[in-house]
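Just so you know, these numbers use all the heavy atoms, side chains as well, and skip hydrogens, waters and symmetry mates. Everything numeric here is computed off the predicted structure, so don't read it as measured data. If you read the sequence from its start, that first residue is 1, and numbering goes on from there.
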Amino acid sequence: MKKGSDQRYKQIYVTTIYDQDQKHRLVGVTCKKVKGLKRLLKTDAARVHLRAAQERLGMVDGAVCLRNHLDLLNLNEILLDFYHLSEHVGQAAAKTLGTETQAAKQWLAKVLHTLRHEGYEPFLRDNCWIGATRCAAASAKPPTS
């Protein structure tokens, strides 16, 4: 520990609210735990008139505690950020196609390219399965073995 530190680490929450072309941006920071985050989100959302926006998207790292706070913002969608999404997709590739196999690497590269350049909809359409049943967001065709 550094001299003067009362703990091994500090947890802070950083929020960023911006418009589509990112000409306007508001960054907020709090170290007041979850209650401070709630207050920060409410204050900053009101400051930028977030409820008046035509489209309101939340991009998060997947922390479970964030969900309740984002619900108060009345967002259209809450999405997992690309970094954390790519981690989970990589884990799925390793578990289903084998760790470090060529098939897993090729599938992962294709999926990440689709996510980055085409978005979530094509990814869900092509890859969303629960057992042998397609998710509601995908077509009704079962996978071919």
Can you check side chain to side chain contact (heavy atoms under 4.5 Å, CB included) on T15 and T30, steps first, answer last?
CA-CA 9 Å; T15 63; T30 185; over 6 Å; no
Within the 4.5 Å heavy-atom criterion, are [X] and [Y] side-chain neighbours or not?
| X | Y | answer |
| --- | --- | --- |
| V34 | Y13 | yes |
| K35 | K38 | no |
| L26 | R47 | yes |
| Q22 | R25 | yes |

Just verifying a value: how many Å separate [X] [atom1] and [Y] [atom2], rounded to the nearest 0.5 Å?
| X | Y | atom1 | atom2 | value |
| --- | --- | --- | --- | --- |
| M59 | F82 | CE | CZ | 10.5 Å |
| Q106 | L108 | CD | CG | 11.0 Å |
| K32 | I12 | NZ | CD1 | 13.5 Å |
| L57 | E77 | CG | CD | 7.0 Å |
| L85 | Y120 | CG | OH | 5.0 Å |

Looking only at atom types and distance, does a side-chain atom of N76 sit under 3.5 Å from a main-chain N or O of R56, one as donor and one as acceptor?
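Indeed, once roles are kept as given, a pair shorter than 3.5 Å links the two residues.
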Any donor and acceptor pair, going by atom type alone, linking the side chain of R51 with main-chain N or O of N74 inside 3.5 Å?
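The answer is no, because no donor-acceptor pair under 3.5 Å joins these two groups.
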Would R39 and K42 satisfy side chain to side chain contact (heavy atoms under 4.5 Å, CB included), going step by step from the backbone distance to the final call?
CA-CA 5 Å; R39 190 176 319 116; K42 284 174 112 175; 5.9 Å; no
Same cluster for [X] and [Y] if Ile/Leu/Val/Met/Phe/Trp/Tyr side chains link at under 4.5 Å?
| X | Y | answer |
| --- | --- | --- |
| L79 | V111 | yes |
| L50 | L66 | yes |
| L115 | I78 | no |

Test applied, side-chain contact (heavy atoms from CB on, under 4.5 Å); reference residue, I17; option that passes from V48, L41, V27
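It is V48, the one option of V48, L41, V27 that forms the side-chain contact (heavy atoms from CB on, under 4.5 Å) with I17.
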Looking at every non-hydrogen atom in both residues, tell me the closest pair between [X] and [Y] and how far apart they are.
| X | Y | answer |
| --- | --- | --- |
| F123 | T114 | N-CG2, 3.9 Å |
| D44 | G28 | OD2-CA, 3.8 Å |
| S86 | L112 | CB-CD2, 3.5 Å |
| A104 | G98 | CB-O, 3.3 Å |

H24 NE2: over 12 foreign heavy atoms closer than 6.0 Å:
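Result for NE2/H24: open.
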Do other residues, nucleotides or ligands put more than 12 heavy atoms under 6.0 Å from Y18 OH?
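12 or below, so no.
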